[in-house]
Visitor: 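Below you'll find the structure I mean.
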Amino acid sequence: MMFKHYQSIEKVKEIDYVVFSFHNEIYDVIIYSVIKGEINKDFSPTSTQKRDNSLSLRQQINKTPFNMFNKDVYAGRRATLKKMINTGIAFFPANNEAPFNYPDNTYIYRQDSNFSYFFGLNHPDLVGVIDFESGEEMIFGVEVTIDDVIWCGPLPSLKEQGESIGISDCRDFNRFGEYIQQALAKGRKIHILPTYRGDTQIQCANWLGCNVNKVADYVSVELIKAVIAMREVKSELEIAEMERAANTAYYMHTTAMKMCKPGMVEQEIAGMVEGLSLSGGGPVSFPVILSVDGQTLHNHGHHNVLKEGRMMVCDAGAETENYYASDFTRTTPVGGKFNQRQREIYEIVLAANQKVAANTRPYMPYMTMHTLACRTLIEGLKDVGLMKGNVDDALMNGAHWLFMPHGLGHMLGMDVHDMEGLGETYVGYDDITPRSTKQGFSCLRCGKTLKPGFVVTDEPGIYFIPTLIDLWKAEGKHKDFICYDKLESYKDFGGIRIEDDLLITDDGCRILGRPIPKTVAEVEEMCAQGREWIKMPGVY
């Protein structure tokens with residue numbers, strides 16, 4: 001087994017709005033950008049401001065091994081869950097390591113988000129347990145061996161790991177199957193969340209003593225709804241983590257803009273974008289989508305050579321060491337200057353993005369904002385002669401789906417599509433706003449009523465997909481709303497998407513992170529800057 005290793009560094013290092021304190025092989029991270037109140041728009045406090053803030057924070061540091069958050073945070077989350085469910089036992093397995101070509105050569109470890117949320121520890125061979133009737137909490141894990149120390153350095157014992165998250169009952173990982181079988185023999189109800197990895201499903205089947213196809217019988221809708229209710233509203237600490245991820249994304253996207261030159265290969269830029277995320281503290285929150293074939297929504301091939309007249313869509317986000325994500329998209333003209341046709345379409349998408357940000361507020365269904373974005377796209381496409389007819393009729397008939405075959409956005413948090421492993425409909429919809437079955441609306445991942453503390457993406461787009469255009473034209477689909485003759489000349493255009501991360505506040509919303517250029521003038525200005533500017537203050 002492998003543990004995350006922390007080096008002892010006798011100093012405090014500032015990185016923008018984050019203060020790291022490393023000492024005696026433990027670390028604390030205290031983030032004050034959100035906690036201390038309104039964030040400065042330019043995210044560039046003076047040296048004096050940084051120094052004064054860090055000194056006051058250092059006096060408040062409460063050393064907690066292995067975790068960003070104090071153990072009371074994890075204990076508090078488990079206590080809240082115990083108030084929401086009254087019967088049975090829930091267990092949360094940690095993710096296993098995954099080899100990519102032989103057993104000892106593994107992918108970068110990524111903990112299960114739900115385990116991390118309630119139990120914090122960041123390595124495999126763990127199961128967290130909550131008994132809702134007795135109130136007991138326990139961790140099943142593997143004790144550190146001398147081999148672990150040789151390969152990874154000094155490591156905490158299983159007891160010390162439990163203490164770091166407020167759990168005193170620490171047991172042998174190899175006895176967990178026996179524990180769960182005893183519970184089943186007593187007729188106890190077992191709650192688990194949906195599995196999304198084959199190895200975890202097999203592991204659960206072995207513990208539960210059932211066929212792998214029967215593991216789903218133990219998935220608890222009660223537990224799913226309780227976890228979603230907790231995780232969907234972000235605390236100040238979580239928001240601060242997401243600010244960190246958003247600020248890293250600023251450098252990822254502005255660097256891509258500066259590199260968007262004729263003759264560059266997409267891979268060169270995509271590799272730099274991913275590297276900047278790693279430099280910022282964590283991996284990308286999803287595989288980088290970067291292509292001049294922006295009409296392909298999730299394009300992970302990076303073989304194209306950039307040419308004048310094309311546009312590059314870059315959809316990328318960072319993840320912090322503690323798994324909080326960002327997700328932004330920017331579209332950049334190759335060579336740094338929009339031509340007239342590109343500018344016209346770009347301004348339509350930008351208007352939709354900005355109208356959503358200006359009008360989103362708590363206690364409204366996000367479906368309302370999806371509808372606003374689609375209406376804005378139709379109005380703009382009608383102005384440039386690509387759509388026609390009555391705007392309301394075109395909207396209600398879903399004619400805009402030809403140009404934007406996806407929803408406005410999704411929830412964001414510890415997962416880039418937050419909690420969708422628990423069921424997209426559970427996460428994105430509620431009793432007030434059931435999922436639509438209509439084309440142009442059913443594709444929205446999150447349409448439910450917003451609450452303060454939600455984080456959602458705002459990502460309208462316009463895409464010219466030749467195969468889809470040809471199919472609809474041949475069928476005569478929505479011919480009263482779509483100008484197919486003019487559309488023929490746009491089949492070489494590609495696509496445009498502009499995406500921001502919106503935190504829902506008490507009276508509206510705000511975009512997380514340092515503002516990433518998105519107006520025509522801002523993008524062109526950033527493209528004109530040299531790559532030598534790629535520096536993260538305090539990092540390099």
Visitor: Once you measure the plane-to-plane angle for His253 and Phe328, does it fall in the parallel (<30°), tilted (30-60°) or perpendicular (>60°) bin?
Guide: perpendicular
Visitor: Nearest heavy-atom pair of Phe338 and Thr331: which atoms, and what distance?
Guide: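 Shortest heavy-atom separation between Phe338 and Thr331 comes out as CZ-O, 4.1 Å.
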Visitor: Does a side-chain heavy-atom distance below 4.5 Å link Met230 with Tyr117?
Guide: yes
Visitor: The criterion is ring-ring contact (aromatic ring centres under 6.0 Å, His included); which residues satisfy it with His400, sequence neighbours excluded?
Guide: Phe441
Visitor: Minimum heavy-atom separation for Asp327 to His410, with atom names?
Guide: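 For Asp327 and His410, the tightest heavy-atom pair comes out as OD2-NE2, 3.1 Å.
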Visitor: Any idea which heavy atoms bring Cys374 and Gly440 closest together, and the distance?
Guide: SG-O, 4.4 Å
Visitor: Taking the six-membered ring of Tyr324 (Phe, Tyr or Trp), confirm whether the NZ or CZ of Arg244 is under 6.0 Å from its centre and within 45° of its axis.
Guide: no
Visitor: With a 4.5 Å limit on heavy-atom distance, are the side chains of Pro460 and Thr376 in contact?
Guide: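 Not in contact.
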Visitor: Quick one, Met364 and Leu450 - any side-chain contact, counting heavy atoms below 4.5 Å?
Guide: yes
Visitor: Has Lys214 got more than 12 heavy atoms of other residues, nucleotides or ligands less than 6.0 Å from its NZ?
Guide: no
Visitor: From Arg510 CZ over to Asp501 CG, what is the distance, rounded to the nearest 0.5 angstrom?
Guide: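 Going from CZ on Arg510 over to CG on Asp501, the span is 11.0 Å.
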Visitor: Report the C-alpha separation of Tyr366 and Leu502 in whole Å, then their side-chain angles, then the decisive distance to 0.1 Å, and conclude whether the side-chain contact (heavy atoms from CB on, under 4.5 Å) test is met.
Guide: CA-CA 12 Å; Tyr366 205 45; Leu502 304 183; 4.0 Å; yes
Visitor: Return yes if a side-chain donor-acceptor contact under 3.5 Å exists between Ser116 and Gln111, otherwise no.
Guide: no
Visitor: Whether Arg231 and Glu238 form a salt bridge (side-chain N of Lys/Arg under 4.0 Å from carboxylate O of Asp/Glu) is what I want to check.
Guide: no
Visitor: Is the count of non-hydrogen atoms from other residues, nucleotides or ligands lying under 6.0 Å from Lys225 atom NZ greater than 12?
Guide: no
Visitor: Return the CD1 to CZ distance between Ile469 and Phe403, rounded to the nearest 0.5 Å.
Guide: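 That separation rounds to 7.0 Å.
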Visitor: For Lys438 and Met396, work out which heavy atoms get closest and say how close.
Guide: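 For Lys438 versus Met396, the nearest heavy atoms are NZ-O, 2.9 Å.
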Visitor: Could you give the distance from CD (Glu347) to CD1 (Ile496), rounded to the nearest 0.5 Å?
Guide: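 It comes to 9.5 Å.
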Visitor: Please tell me if the side chains of Phe118 and Arg77 come closer than 4.5 Å, counting only heavy atoms from C-beta onward.
Guide: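 In short, these two side chains touch, coming nearer than 4.5 Å.
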Visitor: Distance check, rounded to the nearest 0.5 Å: Ile108 atom CD1 versus Glu97 atom CD?
Guide: 11.5 Å
Visitor: I would like to know whether Met311 and Phe493 meet side-chain contact (heavy atoms from CB on, under 4.5 Å); could you show each step before the answer?
Guide: CA-CA 8 Å; Met311 287 183 297; Phe493 187 93; 3.2 Å; yes
Visitor: Given salt bridge (Lys or Arg N to Asp or Glu O under 4.0 Å), test Asp112 with Arg197 step by step and report yes or no.
Guide: CA-CA 10 Å; Asp112 174 75; Arg197 289 173 54 151; over 6 Å; no
Visitor: Test side-chain contact (heavy atoms from CB on, under 4.5 Å) on Glu424 and Arg435; report intermediate values, then the result.
Guide: CA-CA 10 Å; Glu424 186 180 296; Arg435 189 167 200 141; 2.5 Å; yes
Visitor: If a pair satisfies salt bridge (charged side-chain N to carboxylate O under 4.0 Å, His left out) and one of its residues is in residues 274-285, list it, with sequence neighbours excluded.
Guide: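 Listed once each, the pairs would be none.
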Visitor: Do Thr449 and Thr433 make a side-chain contact, defined as non-hydrogen atoms from C-beta onward lying under 4.5 Å apart?
Guide: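 Sidechains of Thr433 and Thr449: in contact.
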Visitor: Other residues, nucleotides and ligands only: do more than 12 of their heavy atoms fall within 6.0 Å of NZ on Lys491?
Guide: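 Counting neighbours around NZ of Lys491, more than 12 heavy atoms of other residues, nucleotides or ligands fall under 6.0 Å, so yes.
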Visitor: Please name the pair of heavy atoms, one in Ala245 and one in Ser326, separated by the smallest distance, quoted to 0.1 Å.
Guide: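 Looking at all heavy atoms of both residues, the shortest contact is O-OG, 2.8 Å.
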Visitor: Search all heavy atoms of Pro333 against all heavy atoms of Cys260 and return the closest pair with its distance.
Guide: O-SG, 3.7 Å
Visitor: Do Lys477 and Leu402 have side chains that approach each other closer than 4.5 Å (heavy atoms only, starting at C-beta)?
Guide: no
Visitor: For Tyr484, check ring-ring contact (aromatic ring centres under 6.0 Å, His included) against everything at least two apart and list the hits.
Guide: none
Visitor: Of Val233, Leu412, Leu503, which meets side chain to side chain contact (heavy atoms under 4.5 Å, CB included) against Phe454?
Guide: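 Filter result, single survivor: Val233.
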Visitor: Checking Glu459 against Thr329 for the side chain to side chain donor-acceptor pair (under 3.5 Å) test, could you report, in this order, the C-alpha distance in whole Å, the side-chain angles of both residues, the deciding distance, and whether it holds?
Guide: CA-CA 8 Å; Glu459 49 181 309; Thr329 306; 4.8 Å; no
Visitor: So is Arg110 actually on top of Tyr323's ring, under 6.0 Å and inside 45° of the axis?
Guide: yes
Visitor: May I ask you to decide if Asn359's main-chain N or O and Arg361's side chain share a donor-acceptor pair within less than 3.5 Å?
Guide: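 Such a contact is found between Arg361 side chain and Asn359 backbone.
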Visitor: Is any NZ, NE, NH1 or NH2 atom of the basic residue among Asp500 and Arg330 found under 4.0 Å from an Asp or Glu carboxylate oxygen of the other?
Guide: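 Salt bridge between Asp500 and Arg330, a charged N being under 4.0 Å from a carboxylate O: yes.
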Visitor: Decide if atom CG of Asn211 counts as having more than 12 heavy atoms of other residues, nucleotides or ligands within a radius under 6.0 Å.
Guide: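 Result for CG/Asn211: enclosed.
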Visitor: Is the backbone of Val212 close enough, under 3.5 Å, to the side chain of Gln201 for a donor and an acceptor to pair up by distance?
Guide: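 Confirmed, Gln201 side chain pairs with Val212 backbone.
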Visitor: Return all side-chain donor-acceptor pairs below 3.5 angstrom for residues 300-307, not counting sequence neighbours, or 'none' if the list is empty.
Guide:
from, atom 1, to, atom 2, distance (Å)
His300, ND1, Val288, O, 3.4
His302, NE2, Val288, O, 3.2
Asn304, ND2, Glu266, OE2, 3.0
Asn304, ND2, Asp293, OD2, 3.1

Visitor: Is Lys234 salt-bridged to Asp418, going by a charged N under 4.0 Å from an acidic O?
Guide: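 Yes.
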Visitor: Verify the neighbour count for atom CG of Asp104: are there more than 12 heavy atoms of other residues, nucleotides or ligands below 6.0 Å?
Guide: no
Visitor: Tyr463 versus Met404: any side-chain heavy-atom pair under 4.5 Å?
Guide: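 Yes; the side chains approach each other to less than 4.5 Å.
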Visitor: To the nearest 0.5 Å, tell me how far Glu499 CD sits from Asn353 CG.
Guide: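 Between Glu499 CD and Asn353 CG, I get 9.0 Å after rounding to 0.5 Å.
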Visitor: Between Tyr346 and Ile498, does the side-chain contact (heavy atoms from CB on, under 4.5 Å) criterion hold? Intermediate values first, please.
Guide: CA-CA 9 Å; Tyr346 187 91; Ile498 304 172; 3.6 Å; yes
Visitor: Tell me, which pairs form a salt bridge (charged side-chain N to carboxylate O under 4.0 Å, His left out) where one or both residues lie in residues 369-378, sequence neighbours left out?
Guide: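 Applying salt bridge (charged side-chain N to carboxylate O under 4.0 Å, His left out) to every pair that reaches into residues 369-378, excluding sequence neighbours, yields Arg375-Asp392.
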Visitor: Phe100 vs Tyr107 aromatic rings, parallel, tilted or perpendicular, using cut-offs 30° and 60°?
Guide: tilted
Visitor: For residues Pro517 and Glu525, determine if any side-chain heavy atom of one lies less than 4.5 Å from a side-chain heavy atom of the other.
Guide: no
Visitor: Taking side-chain contact (heavy atoms from CB on, under 4.5 Å) as the test, write out the residues that go with Val427, two or more places apart.
Guide: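 Val427 satisfies side-chain contact (heavy atoms from CB on, under 4.5 Å) with Ile228, Met411, Met419 once adjacent residues are dropped.
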Visitor: Mark yes when over 12 heavy atoms from residues, nucleotides or ligands other than Tyr490 sit less than 6.0 Å from its OH; otherwise mark no.
Guide: yes
Visitor: Just wondering, more than 12 heavy atoms not from Asn101 lying within 6.0 Å of its CG?
Guide: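 Yes - once you tally the heavy atoms of other residues, nucleotides and ligands closer than 6.0 Å, there are more than 12.
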